[in-house]
4 protein chains.
Amino acid sequence: MIKMLKLGIIGATGYVGAEIVRLLALRDDIKITTVVSNSFAGQPFSNIYPSLRGIYDNICDALDMDEISEKADYFITALPHGVSASIIPGLLERGKRVIDHSGDFRFRDVKVYEKWYKVTHNAPDLINKAVYGLPELYRNDIKTASLVADPGCYPTCSILGIAPALKNGIVSHQDIVINAVSGVSGAGRKSELAYSFCETDENFKAYGIGNHRHTPEIEQELSLICGKPVMVSFTPHLAPLKRGMLVTSYLNLNSQMSPTDIHSLYEDYYRNEPFVRIMPLGQFPEIKYVAGSNYIDIGIAVDHRLNKLIVISALDNLGKGSAGQAVQALNIMAGFYETKGLLTSGLYL
Amino acid sequence: MIKMLKLGIIGATGYVGAEIVRLLALRDDIKITTVVSNSFAGQPFSNIYPSLRGIYDNICDALDMDEISEKADYFITALPHGVSASIIPGLLERGKRVIDHSGDFRFRDVKVYEKWYKVTHNAPDLINKAVYGLPELYRNDIKTASLVADPGCYPTCSILGIAPALKNGIVSHQDIVINAVSGVSGAGRKSELAYSFCETDENFKAYGIGNHRHTPEIEQELSLICGKPVMVSFTPHLAPLKRGMLVTSYLNLNSQMSPTDIHSLYEDYYRNEPFVRIMPLGQFPEIKYVAGSNYIDIGIAVDHRLNKLIVISALDNLGKGSAGQAVQALNIMAGFYETKGLLTSGLYL
Amino acid sequence: MIKMLKLGIIGATGYVGAEIVRLLALRDDIKITTVVSNSFAGQPFSNIYPSLRGIYDNICDALDMDEISEKADYFITALPHGVSASIIPGLLERGKRVIDHSGDFRFRDVKVYEKWYKVTHNAPDLINKAVYGLPELYRNDIKTASLVADPGCYPTCSILGIAPALKNGIVSHQDIVINAVSGVSGAGRKSELAYSFCETDENFKAYGIGNHRHTPEIEQELSLICGKPVMVSFTPHLAPLKRGMLVTSYLNLNSQMSPTDIHSLYEDYYRNEPFVRIMPLGQFPEIKYVAGSNYIDIGIAVDHRLNKLIVISALDNLGKGSAGQAVQALNIMAGFYETKGLLTSGLYL
Amino acid sequence: MIKMLKLGIIGATGYVGAEIVRLLALRDDIKITTVVSNSFAGQPFSNIYPSLRGIYDNICDALDMDEISEKADYFITALPHGVSASIIPGLLERGKRVIDHSGDFRFRDVKVYEKWYKVTHNAPDLINKAVYGLPELYRNDIKTASLVADPGCYPTCSILGIAPALKNGIVSHQDIVINAVSGVSGAGRKSELAYSFCETDENFKAYGIGNHRHTPEIEQELSLICGKPVMVSFTPHLAPLKRGMLVTSYLNLNSQMSPTDIHSLYEDYYRNEPFVRIMPLGQFPEIKYVAGSNYIDIGIAVDHRLNKLIVISALDNLGKGSAGQAVQALNIMAGFYETKGLLTSGLYL
């Protein structure tokens, strides 16, 4: 019998944590041996998420480092920023391999983090050890990493949409506009009035205009891709839907190019990527194509009048935008097939 | 120039309060002279409800009885039960006329109230003075009342749907099943996880099964209508929509009757009612027909196989189910046209 | 290597068909060898459902009986009633085993079918061969059946909710009220104004009052369960959500019983059923607990004042209400584990 | 007694037409004397929109020019492009004053129209007579116009958001990006699968990328405002909500400017406009603030890092984006108070 990987999830009762449980509960090669939640310690996980009744009924553990360390070899942390950085050192010291879903270890420059997140970093020395957990860019590093920083949803959707154009030098690295729309689960499991049904349904709004924390994360990776300092005008919006994200990027083409050539270039760039789907020319992603899945769909159009490349990219903020991508990284780290348990399609309905 | 009625709204920043402001803000015969909200005292009302920017920008007052009493002659209280009963005596002592939207003064028998609401009533002696504010049943009493108890949304929708059949003795007063569905605004302006978008959208559930506080309110009025003690099996449900309510009532016909005859009987019963619309035979109410309005639509069908009368009634829980009905009562009390400001249609879209 | 079961789906591009494709596309023991759709013949299935791009890209076949019969040994038909009955004889003659999702083969008495469906049955002689495909009632018959009639969504939800009480004789077989609510996908993939977003969102309505075709299907099975002729007052409603169904059943208890005893009785009745989950006493199903899954959740309450048993049951109309149940039946027929590919939880979000 | 203005609405049963009826049905100075709809001729208007039962029950007329011309002096046409241009000449010849909601008379250059709409214009000679019905820009011309072209929803929202910056020369007229989001009612009352609830709910998508017909309309007016040829990169998106629109415009500032100065400039520009509300600095429009009203809300932010001005503007596509704006123009043409019947706030819930 194959020995199962023992996994602990810290911050398991948030939406990202619960989605990871959903994705892994029936795996035959991974066993979730502890779900950690101080708020719900002592309660069955399926009391909080009754959809999992009979599927994952384990009792939530309190956050006791020694106890939970006994239980698992790998950990996924789905915690607020700042909290992650204070807990992860203890896990690494105990020899655990960790995938963290906060912003704490996504930045190469601690000053950028501290400026945008407005906190002092608790474990700046670990930043160099962390790998940015975007398999399409850092697959090899993830394999052997002890600490993987699961990327943000907006960055994943934006970076993968823009990377092929920028890497191939067909668009300017300046004057990039990224207009993004997210479903409400991106805000997490929150009892805030602003995310109540009555305030959200039939509504639509922009937020974090000019100061959203995912901006420097996008800029860091795009800069590394093209070798020049990239700044983007990034505006997120909230749409009345539960899960999913769609990003419309406006890029200035360096020269006249046919849509067909650009399309080929995108297909080539992602030829071997199992979770990136380039839409046929003339078709564009919709959130319903990816919701509930780990796929990211990308479509491109050229506005010839303005010589702009418009890129539409869509993913599920709880799939490729967080939980799915964390599982993808876990598969890579553990030597499983990277696609294990993640190939199912979105729900469409 | 006509002297305007001066109105205060206590608990003005909840959804019912805000809807009353929306309905009255542009009236030329009523002036909202104080909006009282301890939580938002000192802030412009339109900061809390930006839809009213430029329309109603008054500053919210704290609840200081002497101060607010100076400002208005009529008050509408949209407060939690228990709180109403502790505040209203002071208003009445100061000679104010009050419409209260809590459950505190809807019951003729204080024991029924105390049993279902599980509190001791703060002002039981006022119960006899209160008029149940359903104009279709108590129009004359409302005219001169100093204290009107604005009915609950479920009771309004249920009672008006069943009254014609029960009053005319065509259905049994026993074994009445009332299956009700409400939009989320019925729960009020709440920062509770259960009413968050992610927990509510695409969901549907029953709640308060067998113990919802609107049950005895329905029973009281139906009993008075038919002169016999009525008990109903009442089950409310929560639907993923903001405003509106639909009640499906199952009644046992006392004898075989044609739908046409029952339909005529319903039309006769409400012939002079401006806000009750009987659907043509074969058509049934939908929430979108009434959402945003003060109308209640009623449709009937006969299930001949079981000799049951099925009544569908729909209203807007923020319209005829609360704020609209309070304004209707206010119009009656003040001697305005009862329909003033309330005849506009629902929004359909 | 294991030989894979070859399956054809006729009417594959409707929502039920597409959900079956989603459920089976990654199975290692079933291969969907033909997806039949006259409307989309010649087009890749993933053009119609782009969520399946890269997962199931097969080209849709036209309905040519000889050609498709070559391709598969099992067929699932997701066709309108009447159409099924004209096609299925040809499949059976060619030795195929068939699961049909129309109403054509759900009735033991062809006259009941013809009365409620208002058509003449095309293949009345096959009715005796058909097995009603509710595994919880007819598991053994399904194993060897050549024709399985996949039950309707409302009947599945109603029958499984009521069966334990009726079978154990604790409730009257008379005066049963079934109030049901369905998501919009229950109407199928339709370009009708009534199901457009603008007409449906924020709306709620009853329909098919007193004449819905699922009524006699419910009555047939409940009658067989209790050995007496059951008639139910069944009213379906349409809620603004895509998938899921919740049924509130009102039953008259034959004697005083404690909720605990009734709860035990329900747990016993379904003790070995993998897809029926009895909620803990005091908790009730919500659509979000089952949407996207093959589970049916059931909760019970007693209204002591009226001595009524209230049963709440919920399932996904595209899961246990159609596609999931068809796959469950297929697993049984083919000798696979009944639960294969169906144990995943709902999506919650 | 005041003589009432007699109005006919042609294409009255679409969503724009119905909203005009809703807005005007209770006016004491305007009487809708004919609602014209070939599809529903002979049926009461309130059969199609039961929300208007008892409020506007007139029978729909067929389109007979002589008959309907007898009935009214003013007409609003809510027809598909191309159809308007073939009907309006007949109305003008009969001395009627017309407000048209198609694209037919919005363009000063017939060639631009014919290029983007891909049709030959039926009445090009009338183009010079038509006034673009945006009161904030053309109030005086509207007063005396016999033909007013009611602007598109996207153009209204985009132009009014950008106008103050462009007019004052603080932003470049080049490289303008307009990212727009509309509710589904913008597509009209359609039985198309793409607008069905199941395809739309929980979904989000871009459409008309690089070729939407509102693009040249926006460009025409922005060019006239700044006196230079403006081209915009305009991308509309569809959000799962019924009514409302939000536009995020990205503009390059010509020099460093403080948000406070820009905000003042916006306030000055619209100081006397009753329906344009500039949000306080730091606050931004949301669709719920304007849905159901004739207001447009505008908020601004400066992205100092990129020296960009971000403008968020929101309106109701059925309010200020079509029906409301048509009524505003009608008020102006007829000499009523411009704000008559339009000052009510949005619904918020």
Side-chain angles (χ1 to χ4, degrees), chain A residues 13-19 22 37 39-40 43 47-52 153 181-207 237-245 287-288 291-292 316-319 321-323 346-349, chain B residues 13-19 22 37 39-40 43 47-51 53 153 181-207 237-245 287-288 291-292 316-319 321-323 346-349:
Chain A
T13 54
Y15 288 150
V16 173
E19 182 71 359
R22 185 182 77 88
S37 164
S39 328
F40 295 100
Q43 292 186 38
N47 261 25
I48 303 139
Y49 291 96
S51 56
L52 286 159
C153 47
V181 173
S182 173
V184 186
S185 62
R189 191 168 178 268
K190 290 227 186 92
S191 334
E192 287 179 21
L193 186 64
Y195 302 113
S196 72
F197 185 82
C198 288
E199 301 286 325
T200 307
D201 193 43
E202 296 283 306
N203 196 17
F204 189 88
K205 65 175 173 185
Y207 68 100
H237 299 74
L238 189 72
L241 49 97
K242 288 189 293 184
R243 50 195 291 167
M245 163 168 292
I287 277 180
K288 72 188 296 128
D316 184 340
N317 56 299
L318 291 177
S322 59
L347 220 47
Y348 197 82
L349 293 191
Chain B
T13 54
Y15 288 149
V16 172
E19 182 71 358
R22 184 182 78 87
S37 164
S39 328
F40 296 100
Q43 292 186 40
N47 262 22
I48 303 138
Y49 291 96
S51 56
R53 188 176 309 282
C153 47
V181 173
S182 173
V184 185
S185 63
R189 191 168 179 269
K190 289 224 186 94
S191 333
E192 287 179 20
L193 186 65
Y195 302 113
S196 72
F197 185 82
C198 287
E199 301 287 324
T200 307
D201 192 44
E202 297 283 307
N203 196 17
F204 188 87
K205 65 175 172 185
Y207 67 100
H237 299 73
L238 189 71
L241 49 98
K242 286 190 294 186
R243 48 194 293 167
M245 165 170 289
I287 277 181
K288 72 187 297 127
D316 184 342
N317 56 299
L318 292 177
S322 59
L347 218 48
Y348 197 80
L349 291 192

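Residue numbers begin at 1 in each chain, while the letters A, B, ... track the order of the sequences.
A:Cys198 is not listed as a side-chain neighbour of B:Tyr195, based on a closest heavy-atom distance of 4.5 Å or more.
Between A:Tyr15 and B:Glu199, the closest heavy-atom pair is OH-OE2, 2.6 Å.
Note that CZ of B:Arg243 and CG of A:Asp201 are 13.0 Å apart. Values are rounded to the nearest 0.5 Å.
A salt bridge (charged side-chain N to carboxylate O under 4.0 Å, His left out) check over residues 182-195 of chain A, counting only residues at least two apart or in different chains, returns nothing.
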